[in-house]
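A quick note: this is a predicted structure, and the numbers were derived from the prediction, not measured. Order of listing sets the numbers, starting from 1, for every ligand and every atom in it.
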Amino acid sequence: MISDNSENKITTLGHTLWVNSETIVALCTGTPPTAVAMVRLSGSEAYRIAAAVFTPFPSDPTPRLALYGKFAFGDDGIALPFPKGASYTGEEIVELSLHGGRASVDALLGACVAAGARPARGGEFTLRALANGRIDLTQAEAVVETIEAETASELRMAHRNRTGGLRKAVEELRGELRALLAEVEARIDFSEELGDLDPNEVSDRAGHLSERLTEIIRRGTAVHLARCGRRVALVGRPNAGKSSLLNALVGHDRAIVTDVPGTTRDTLEETITLGAARLVLVDTAGIRETGEKVESEGIARTYNAMKGADEIWFLYDATQGWSPEDEAMVGAIAELGRTPDLVLATKADLFAGPSTNSAISVITGEGLDRLAARYPEPVEAPPVNDRQSAALSPAAAVLQEASLIPDAPPDLLAVLLREADRHLGIVLGDAVPADLLNELFSRFCVGK
Ligand SMILES: Nc1nc2c(ncn2[C@@H]2O[C@H](COP(=O)(O)OP(=O)(O)OP(=O)(O)O)[C@@H](O)[C@H]2O)c(=O)[nH]1
Ligand SMILES: [Mg+2]
């Protein structure tokens with residue numbers, strides 16, 4: 001993305017998005033009534049409009065110093081000015097705090113519009129921050145992730161990229177890549193003066209960059225997967241104990257449990273936090289041959305649940321042992337191109353044999369801790385989402401290619417290094433397809 005501050009223009013792949021230079025206004029806090037509400041103005045007229053709706057508001061206010069005063073419609077409150085260049089959007093901003101009743105908020109928004117502000121669209125403050133180079137695309141994505149975070153762990157992970165974790169890692173690597181590119185390009189233009197490049201050195205440096213990038217992707221993807229939550233299908237024969245395990249992990253009797261095989265007919269989903277991961281557990285109908293219409297439909301749904309699951313946990317009844325029917329079911333799962341990610345022997349409390357690593361019991365709680373241990377707190381790395389990994393991976397591949405060509409001529413190396421640089425630029429937002437920006441900003445709420 002190329003941003004041009006003077007014209008507030010974002011140039012993306014083949015598109016130019018004009019970030020309107022009007023001053024925008026929006027309620028940033030929750031739907032009234034709330035105890036306190038905050039209305040934000042951003043744009044070149046923010047100070048002028050603030051002065052029209054709030055007194056006293058000096059013509060040259062001290063940055064980030066709260067002013068106590070009165071709104072034009074009578075309420076009193078606080079105005080907090082942020083100067084151009086040192087605010088969230090990079091523009092003049094004034095945050096106006098007032099009592100959060102519907103009438104006060106409507107009166108203030110109305111007064112701001114009457115003084116020349118335009119109601120902001122969803123995500124427009126963040127879009128302006130992006131256009132003005134205050135944040136890059138990875139940080140804009142992390143703003144959405146911060147708003148969408150549901151657990152403390154998700155919030156911590158979103159915070160890493162919002163504060164520039166991935167941006168710094170990629171920019172640092174890009175700096176080294178560009179230094180290498182500059183040396184290679186210099187050899188193309190001034191080969192006689194500078195002499196030949198040591199081909200081993202270039203390939204070592206390109207290879208090293210590729211390895212570091214691969215590590216950023218590997219660690220970051222693991223963090224991202226832990227954050228996004230995984231769908232886990234609980235499958236097995238009727239009566240294996242699937243619904244009982246779901247209830248034990250959810251912490252209450254969500255699913256019907258009976259000793260009648262074929263109790264669960266429809267799939268049922270519950271979201272839980274297990275270890276550091278968010279999991280969507282899908283309880284399914286036990287699979288067996290049946291002529292019964294409802295049960296057959298339930299079993300068809302079990303197969304669909306397995307197809308859509310990130311993980312399949314296969315449960316069998318330890319008191320019955322591993323049966324030919326279990327074997328047949330694992331065969332049927334293989335026909336979907338899948339294998340169980342976890343095999344669990346249930347009802348361990350009733351089983352007299354030696355305890356195994358796969359044994360669980362919902363009565364004694366045996367083995368449930370081991371399930372949580374599958375999802376440890378991810379390493380301290382910036383998360384890498386699917387879009388970011390789709391751009392970083394080709395950069396790593398091209399760098400590896402550059403490192404492997406023996407005695408590569410400088411012009412070929414330069415082409416490859418430039419290609420890697422272009423991919424890194426896509427991650428940071430140098431070139432973003434407009435539909436991606438639209439998709440991202442459609443997830444923002446008004447006021448962010
Ligand atoms: N003692 C003991 N009984 C269990 C355990 N887990 C399940 N059961 C019993 O096994 C029976 C079947 O349990 P469910 O959870 O309904 O089994 P299911 O796999 O959901 O069965 P379907 O819905 O019919 O496919 C019930 O009587 C449960 O109380 C366990 O860990 N220990
Ligand atoms: Mg069940």
*Does an N or O anywhere in G262 fall below 3.5 Å from an N or O of ligand 1?*
yes
*Considering the heavy atoms of T264, write down every atom of ligand 1 situated less than 4.0 Å from one of them.*
20 (O), 22 (P), 23 (O)
*Using a distance-only test with no angle check, is there a side-chain donor-acceptor pair under 3.5 angstrom linking H159 and R162?*
yes
_Testing the basics here: between S361 and T364, what is the closest heavy-atom pair and its distance to 0.1 Å?_
OG-N, 3.1 Å
*Given side chain to side chain contact (heavy atoms under 4.5 Å, CB included), test F82 with E95 step by step and report yes or no.*
CA-CA 8 Å; F82 297 85; E95 292 183 353; 3.7 Å; yes
*ligand 1 and A240, any nitrogen or oxygen pair closer than 3.5 angstrom?*
yes
*asked:* Does ligand 1 come near enough to T284 that some N or O of the ligand is less than 3.5 Å from an N or O of the residue?
replied: no
*Check ligand 1 against G286 and write out every atom of the ligand that is under 4.0 Å from a heavy-atom position of the residue.*
25 (O)
*State, without any angle test, whether T264 and S243 hold a side-chain donor-acceptor pair at a distance under 3.5 Å.*
yes
*Nearest to atom 28 (C) of ligand 1, what protein heavy atom do you find, and at what distance?*
V257 CG1, 3.6 Å
*Where the closest heavy atom to atom 31 (O) of ligand 1 is concerned, which of I287, T346, I360, V362 has it?*
V362
*Give me the ring orientation class for Y375 and W313: parallel if the planes are under 30° apart, tilted from 30 to 60°, perpendicular past 60°.*
parallel
*Based purely on interatomic distance, does K242 place a nitrogen or oxygen under 3.5 Å from a nitrogen or oxygen of ligand 1?*
yes
*From atom 16 (O) of ligand 1, work out which of T319, T258, D349, T302 has a heavy atom at the shortest distance.*
T258
*Give a rough value, rounded to 10 degrees, for the angle at the Mg ion (ligand 2) between atoms OG of S243 and OG1 of T264.*
90°
*asked:* I need the atoms of ligand 1 closer than 4.0 Å to a non-hydrogen atom of L350, numbered in the order shown.
replied: 1 (N)
*At the 4.0 Å heavy-atom cut-off, does P261 count as touching ligand 1?*
yes
*In terms of heavy-atom contacts, does CD1 of I256 have more than 12 from other residues, nucleotides or ligands at under 6.0 Å?*
no
_Where ligand 1 meets D259 - atom numbers and elements under 4.0 angstrom, heavy-atom basis_ = 27 (O)
*For atom 14 (P) of ligand 1, grab the closest protein heavy atom and report residue, atom and distance to one decimal in Å.*
S244 OG, 3.6 Å
*For atom 5 (C) of ligand 1, the option (of R237, K347, E366) bearing the nearest heavy atom*: K347
*Taking every non-hydrogen atom, the tightest pair across V427 and T138*: O-CG2, 3.5 Å
*Any idea which atoms of ligand 1 are less than 4.0 Å away from a heavy-atom of G241?*
7 (C), 13 (O), 14 (P), 15 (O), 17 (O), 18 (P), 19 (O)
_Protein heavy-atom partner closest to atom 21 (O) of ligand 1 - residue, atom, separation in Å_ = N239 N, 2.9 Å
*Write down the atom of R370, the atom of T356, and the distance for their closest heavy-atom approach.*
NH2-O, 3.8 Å
*Determine whether the side chains of S42 and T89 contain a donor N or O and an acceptor N or O closer than 3.5 Å.*
yes
*asked:* Under 3.5 Å, is there a donor on one side chain and an acceptor on the other for S244 and N247?
replied: no
*In Å and rounded to the nearest 0.5 Å, what is the CG to CD1 distance from L234 to I312?*
11.0 Å
